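Remarks on the structure that follows.
All of these numbers come straight from a predicted model, not from anything done at the bench. Every chain is numbered from 1 and lettered A, B, ... according to where its sequence line falls, protein lines coming before strand lines.
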Amino acid sequence: MIGGPFVLIVVLLIVAAATFLLRRFTAVSALLAVLAPLALAAWALWAPLDEPQAIFGRVVVLSGGDRIAVALLFAITSAIFLGVWRSSPGWSSYPIVLMALAALAAALIIRPPLNEFYPSFVYSALFMGIAIALTVYPLQGGQPGVTRGATRFITLTMLSLPALLLADWVLAQSAQSPDSTSLVQGTILLLALGFTFLLAIFPFHTWVPAVSREAPPLSAAFALTVFLGAALILLLDVLNENRVFTSDPRTLELVRGAALLMAGLGAVFAWAQSDFGRLLGYGAVSDMGAILFAIGLSSSTGLAAAFFMIAIRALSVGLMSMGMTLARARLGDDSFTTLTGSARRLPWASIAILAGGLSLAGLPPLAGFAGRWGLLQETSRLYPAATVVLLASSASVAVGVLRGLREMLRPPSEPASVQQRERRSEAALIIAALAVCLFAGLFPGILAPLVREFVAAYSFAAR
Amino acid sequence: MTDFLSALSSLPSTTILTALVITVSLLVIVEDWRVLNLLLGVEYLLIGALLIVAQIDGFPVVLAIVKSLVGVMIVPALYISARRARWGKSASDADEDVETPARPLRQALGWLRAPGLALHTIVAVLGAAVALSLALRSPVQFITPQSAARDLTIAVFVLFAQGTLNVALSENPLKIGLGLLTVIAGFELLYTPVEPSFLIVALLGMVNLLIALAFSYLIAAWAARPRGAAQ
């Protein structure tokens with residue numbers, strides 16, 4: 001019988017088909033795309049879906065951390081759709097993004113048969129592959145001649161598929177011969193390689209700045225928050241279900257090392273960017289480094305900080321992307337030069353870029369601060385040197401944003417035309433997002449129940 | 001069908017392996033989109049043939065046919081997309097092509113004068129040599145018989161090497177797509193004999209088709225770039 005968590009995927013696919021059929025009725029299609037994932041997020045949180053169910057011989061289960069993660073990813077997608085609806089009326093990627101979201105949800109909830117003798121992640125890897133191929137379309141966004149970001153995205157992330165499938169196969173061999181250290185080492189190396197590709201870890205991060213520079217900003221926000229968020233949750237699931245990884249200290253050392261590389265990369269490059277697109281990319285790389293380092297701490301405090309950052313990152317990236325969308329639509333691009341004087345011509349877009357950027361940097365009192373503060377407290381106690389790198393990456397993103405702000409505050413060369421001004425609905429959406437961003441920064445405790453439940457689900461970090 | 005499969009099984013695997021190495025090396029060298037599509041189709045057929053000829057213990061032959069069929073389905077998707085996009089030529093360029101029917105042989109062999117041909121040839125030969133050397137040093141242990149393991153290892157390493165070179169050396173989405181599909185085909189050559197689950201093979205086939213469709217879309221977008229625009 002098809003039911004339970006599987007309904008989430010089926011409903012998403014039905015809604016995807018409906019938004020495609022209703023594409024001529026833009027408002028109806030957009031409204032459906034906004035409401036369906038939001039309703040499914042609420043359903044995933046409050047409906048009793050934690051009983052495993054067998055579908056075509058495979059197990060579908062939505063429990064613990066995955067339940068909260070899936071609800072979070074659905075809610076983020078709904079918010080992105082809302083932003084797209086109000087700022088980019090011509091955007092037509094609702095069906096394909098909903099299908100990609102369904103594939104990402106499948107990656108997190110479909111498990112191998114009950115009689116499997118080891119916790120396989122083969123279906124997760126395959127559904128991630130499907131999600132990658134589908135995400136290319138919104139990233140390219142129908143722009144003539146603009147393919148670099150989308151091409152790099154599919155090429156680099158898809159290379160994770162062979163590594164992850166081979167890691168899963170070697171893990172099966174390792175489960176049959178538990179004494180073989182070479183098999184365990186092989187699994188760890190292949191898994192590390194797979195997640196290096198999937199999570200855009202240095203040197204395979206090059207799609208992130210390219211996508212954030214080229215793609216429609218809210219499509220880039222989907223890749224940077226929902227796709228990478230799902231990949232991070234998959235990493236947590238794999239680490240949690242296969243103690244062979246977390247029992248070897250080298251695995252967590254690898255995670256922390258990769259995290260510091262990414263944070264260091266952000267520290268070196270973010271401040272020097274001359275457009276907000278690439279700044280968002282390097283800010284996201286730097287933030288990803290912070291999240292990975294929090295996971296690599298393998299402690300409940302670290303995991304709580306990681307969850308905060310995954311959730312809040314959507315708010316920071318979404319707010320910045322919303323401002324960039326308006327700037328690109330009105331002024332042509334989001335380079336600092338083009339945005340000269342935009343604080344007067346497009347005040348709400350400028351505020352959105354500024355607040356989103358500073359939140360991504362983890363500055364108080366914005367939402368991004370709560371997770372970073374938790375991480376820095378834990379890191380300064382355990383790894384003081386790493387704290388310097390994490391602080392430098394935050395500072396670098398903040399300096400980049402402030403360099404852009406200097407240009408935005410200069411007097412405009414020409415007064416704003418009527419067409420350039422923001423609509424009330426766009427301003428209202430930015431004000432609402434800004435209010436949420438400030439509220440989450442000032443009262444992070446509101447997420448505490450979810451954070452506690454999330455952390456409790458990952459027992460590998462129970463210390 | 002059975003006669004065909006038995007006839008195919010009697011072919012020496014070295015012949016098919018050699019043809020496969022040459023085909024994937026040509027994928028790095030050639031620039032003409034029609035030839036590239038043809039070579040990709042040949043590559044998938046040779047991979048299927050190699051899996052049949054290798055006579056791997058416990059490996060169902062029908063999976064090899066499925067692999068080849070998936071490949072054959074991919075080629076038209078890429079071909080149609082590249083053709084519809086006029087391969088980056090504007091309508092006026094296409095008219096010019098029609099108006100200059102002279103020297104057809106020179107036009108047909110125009111790719112031989114391409115500026116990067118010598119470099120691509122050297123890189124492809126070096127890539128094949130390195131892959132061959134690595135494969136002979138470390139044959140996979142988990143496939144029997146041993147002769148099949150040796151041939152498959154060589155094929156896998158060559159597909160990985162040449163696919164990666166294609167991805168790394170080009171900005172053109174068609175060549176990058178062919179490179180990525182070649183890398184994945186190399187991985188599947190190794191993975192399918194050890195994990196012959198129909199569901200996994202079907203999902204991998206779906207991933208391959210979706211990659212081809214995504215690259216078809218990227219090819220169309222790339223070809224629509226303004227003339228003279230560099231990526």
Side-chain angles (χ1 to χ4, degrees), chain A residues 56-58 96 99-100 103 106-107 110 112-113 116 120 122-166 168-170 172-173 182-183 190 197 210 214, chain B residues 85 88 141-142 156 159-160 163-164 166-168 170-177 179-181 183-195 197 199-231:
Chain A
F56 308 126
R58 269 76 207 165
I96 208 96
M99 285 162 67
I110 295 181
E116 194 70 276
S120 165
V122 63
Y123 297 106
S124 302
L126 287 164
F127 279 107
M128 285 305 280
I130 291 171
I132 291 166
L134 292 172
T135 307
V136 166
Y137 299 89
L139 289 185
Q140 201 284 324
Q143 307 168 87
V146 179
T147 55
R148 180 178 289 173
T151 306
R152 282 187 187 175
F153 169 79
I154 187 173
T155 308
L156 291 173
T157 52
M158 196 60 87
L159 287 174
S160 66
L161 185 64
L164 289 178
L165 291 182
L166 278 180
D168 183 83
W169 182 77
V170 181
Q173 307 307 306
S182 63
L183 282 175
L190 283 167
F197 281 118
E214 285 184 359
Chain B
Q141 306 290 334
F142 45 83
V156 167
L159 285 163
F160 261 83
T164 309
N166 237 349
V167 167
S170 184
E171 284 271 339
N172 177 335
L174 176 64
K175 290 211 83 175
I176 296 175
L180 182 61
L181 287 167
V183 170
I184 301 229
F187 156 72
E188 286 185 58
L189 196 55
L190 182 74
Y191 189 68
T192 312
V194 298
E195 188 68 76
S197 151
L199 185 62
I200 291 174
V201 169
L203 282 170
L204 267 173
M206 190 172 165
V207 171
N208 272 307
L209 283 173
L210 287 172
I211 292 173
L213 289 174
F215 272 99
S216 298
Y217 179 71
L218 291 172
I219 289 163
W222 187 77
R225 73 198 185 286
R227 298 292 289 164
Q231 273 266 318

Task: Reported CG-to-OH distance for the pair B/L213 and A/Y137, which is rounded to 0.5 angstrom - done: 5.0 Å
Task: Between A/A150, A/A163, A/A133, the one whose heavy-atom pairs under 4.5 Å with chain B are most numerous - done: A/A133
Task: Under 4.5 Å from a heavy atom of chain A, the part of B/I176 involved - done: side chain
Task: Test side chain to side chain donor-acceptor pair (under 3.5 Å) applied to B/N208 - qualifying residues, sequence neighbours left out - done: B/E188
- [ ] Please test B/L203 against A/V122 for side-chain contact (heavy atoms from CB on, under 4.5 Å), starting from the C-alpha separation and ending with a verdict.
- [x] CA-CA 10 Å; B/L203 282 170; A/V122 63; over 6 Å; no
Task: Shortest non-hydrogen separation from A/Q143 to B/A221 and the atoms involved - done: O-CB, 4.2 Å
TODO: Enter the distance from B/I211:CD1 to A/I132:CD1 here, rounded to the nearest 0.5 Å.
DONE: 8.5 Å
Open item on the list: Measuring from atom CG of A/D168 to atom CD1 of B/I200, what distance do you get when rounded to the nearest 0.5 angstrom?
Closed with: 7.5 Å
Open item on the list: For a side-chain contact (heavy atoms from CB on, under 4.5 Å) check, start with the C-alpha distance between A/T155 and B/F215, then their side-chain angles and the critical distance, and finish with the verdict.
Closed with: CA-CA 10 Å; A/T155 308; B/F215 272 99; 3.9 Å; yes
TODO: Would you give the length of the straight line joining atom OG1 of A/T147 to atom CD of B/E171, rounded to the nearest 0.5 angstrom?
DONE: 7.5 Å
Task: Gap between atom CZ of B/F187 and atom CG of A/L159 - 0.5 Å precision - done: 11.5 Å
Open item on the list: For the interface with chain B, which of A/L166, A/I130, A/L165 has the highest count of heavy-atom pairs at distances below 4.5 Å?
Closed with: A/L165
TODO: Could you tell me the separation between the CG atom of B/L174 and the OG1 atom of A/T151, rounded to the nearest 0.5 Å?
DONE: 11.5 Å
Task: Side chain, backbone, both or neither of B/L180 within contact of chain A (heavy atoms, under 4.5 Å) - done: side chain
Task: Winner by heavy-atom pair count (cut-off under 4.5 Å) against chain A, out of B/V207, B/T164, B/I184, B/V183 - done: B/V207
- [ ] Side chain from CB out, backbone as N, CA, C, O: work out which of these in B/L199 comes under 4.5 Å of a heavy atom of chain A, or both, or neither.
- [x] side chain
- [ ] Ignoring hydrogens and angles, tell me if any N or O in the side chain of B/Y217 forms a donor-acceptor pair with the backbone of A/G142 under 3.5 Å.
- [x] yes
Task: Closest non-hydrogen atom pair, A/P144 against B/A224 - done: CB-O, 3.6 Å
